Amino acid sequence: MALESRITQEEIKKEPEKPIDREKTCPLLLRVFTTNNGRHHRADEFARGNVPSSELQIYTWMDATLKELTSLVKEVYPEARKKGTHFSFAIVYPDPRGKMYRLKDIGSTVSGRKGADDSMTLQSQRFQIGDYLDIAITPPNRAPPLNARMRPF
């Protein structure tokens, strides 16, 4: 007799997040790397202790949302404030099996519009202190970014 699980993938992903008291919890240093061409940095750009030159350092908490991070990036890059600018987020983390890094797409936001990923937090995407965040910024007048699975290479 076969047993069937009644737990859906959505229920598995909905781990209860512990609320963070920002008054009592020390913020973490989030190293953010941005591009304005709509594509993420290549994983090999993070190899052997090197990092891309476009670094922002943000002090924040694990419960920071993608929309909150978007607004912090827009403070630094005025050209990203235009309505319709697309922000694609990826976590850059060390590969436990080797000396290289991997990128994991976690969501996107659009300046001036509400979206499904706006309230997504770093904690919900299993971000760990020491990981990097890579943000591909696409101006509103450019073509929408390609889906990672549809890349021509």
Side-chain angles (χ1 to χ4, degrees), residues 9-10 12-23 25-96 100-153:
Q9 288 296 330
E10 290 176 13
I12 292 171
K13 289 181 183 177
K14 289 184 182 177
E15 295 176 10
E17 289 185 21
K18 298 174 189 162
I20 295 175
D21 183 351
R22 292 186 174 194
E23 293 292 320
T25 304
C26 183
L28 62 99
L29 173 63
L30 178 63
R31 295 180 70 186
V32 178
F33 300 92
T34 60
T35 64
N36 59 1
N37 61 8
R39 291 187 174 190
H40 288 289
H41 288 98
R42 295 184 325 271
D44 64 356
E45 292 182 77
F46 296 92
R48 297 177 295 284
N50 297 323
V51 291
S53 61
S54 60
E55 181 176 0
L56 288 176
Q57 295 185 347
I58 298 173
Y59 287 94
T60 190
W61 293 267
M62 292 294 280
D63 65 347
T65 64
L66 296 188
K67 198 63 163 181
E68 183 180 347
L69 295 170
T70 297
S71 67
L72 292 171
V73 170
K74 290 192 310 189
E75 286 180 24
V76 178
Y77 295 120
E79 65 275 8
R81 295 178 190 160
K82 294 179 184 171
K83 189 173 185 175
T85 301
H86 186 270
F87 297 81
S88 177
F89 293 81
I91 294 174
V92 182
Y93 62 96
D95 185 349
M100 51 192 265
Y101 282 80
R102 298 225 182 258
L103 268 77
K104 174 187 162 191
D105 289 318
I106 60 168
S108 63
T109 62
V110 179
S111 186
R113 293 189 203 140
K114 291 186 178 184
D117 296 339
D118 288 357
S119 61
M120 187 176 296
T121 65
L122 294 173
Q123 187 175 23
S124 72
Q125 296 303 302
R126 293 191 166 86
F127 178 88
Q128 295 182 6
I129 294 175
D131 292 348
Y132 304 136
L133 192 65
D134 192 76
I135 305 175
I137 303 170
T138 307
N141 56 354
R142 295 229 186 119
L146 293 172
N147 185 334
R149 293 183 200 101
M150 298 167 50
R151 289 187 179 164
F153 51 88

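Quantities reported herein were computed from a predicted structural model and do not represent experimental measurements.
- Here the OG1-NE2 distance, from Thr35 to His41, works out to 5.5 Å after rounding to the nearest 0.5 Å.
- Salt-bridge formation is detected for the pair Glu68/Arg22: a Lys NZ or Arg NE/NH1/NH2 atom is positioned less than 4.0 Å from an Asp or Glu carboxylate oxygen.
- To the nearest 0.5 Å, the span separating CD1 on Ile20 from CG on Asp63 amounts to 4.0 Å.
- Between the Thr70 side chain and the Leu66 main chain, a donor and an acceptor come within less than 3.5 Å of each other.
- Annotation: the span from Thr34 atom OG1 to Asp134 atom CG amounts to 8.0 Å, rounded to 0.5 Å.
- Contact annotation: the side chain of Ser108 approaches that of His86 to within less than 4.5 Å [non-hydrogen atoms, C-beta and beyond].
- Under the 4.5 Å side-chain criterion, counting only non-hydrogen atoms from C-beta, Ser88 is not in contact with Ile137.
- A distance of 4.0 Å separates CZ in Arg102 from CG in Asp95, rounded to the nearest 0.5 Å.
- Side-chain contact check for Met62 versus Thr121: every heavy-atom pair is 4.5 Å or farther apart.
- Using a 4.5 Å cut-off on side-chain heavy atoms (C-beta onward), Leu30 and Leu122 make contact.
- Residues Leu69 and Phe89 meet the side-chain proximity criterion, which asks for heavy atoms closer than 4.5 Å.
- Between atom CG of residue Leu103 and atom CZ of residue Arg42 there is a gap of 11.5 Å, rounded to the nearest 0.5 Å.
- In plain terms, the two heavy atoms of Pro140 and Lys82 that are nearest each other are CG-CB, 4.0 Å.
- Contact annotation: the side chain of Phe87 approaches that of Lys74 to within less than 4.5 Å [non-hydrogen atoms, C-beta and beyond].
- No donor-acceptor distance shorter than 3.5 angstrom exists from the side chain of Arg39 to the backbone of Ala136, with no hydrogens or angles considered.
- Considering CG of Asp44 and CG of Asn50, their distance stands at 10.0 Å, rounded to 0.5 Å.
- Contact detail for Val76 and Pro78: the closest heavy-atom pair is O-CD, 3.3 Å.
- Residues Arg31 and Val92 fail the side-chain proximity criterion, which asks for heavy atoms closer than 4.5 Å.
- For the residue pair Tyr77 and Leu56, the shortest heavy atom distance occurs at CE1-CD1, 3.9 Å.
- Aromatic ring orientation, Tyr101 versus Phe46: tilted (interplanar angle from 30° to 60°).
- Heavy-atom neighbours of Gln128 CD from other residues, nucleotides or ligands within 6.0 Å: at or below the threshold of 12.
- Side-chain atoms of Lys104 never come within 3.5 Å of backbone atoms of Tyr93 as a donor-acceptor pair (strictly under, hydrogens ignored).
- By the 4.5 Å heavy-atom criterion applied to side chains, Phe127 and Ile106 are not counted as neighbours.
- Looking at every heavy atom in both residues, His40 comes nearest to Asp105 through NE2-OD1, 3.4 Å.
- Residues Asp131 and Pro94 come closest through the heavy atom pair OD1-CD, 3.8 Å.
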**OP:** For Tyr59 and Leu29, run side-chain contact (heavy atoms from CB on, under 4.5 Å): C-alpha distance rounded to whole Å, both residues' side-chain angles, the deciding distance at 0.1 Å, then the answer.
**Re:** CA-CA 5 Å; Tyr59 287 94; Leu29 173 63; 3.8 Å; yes
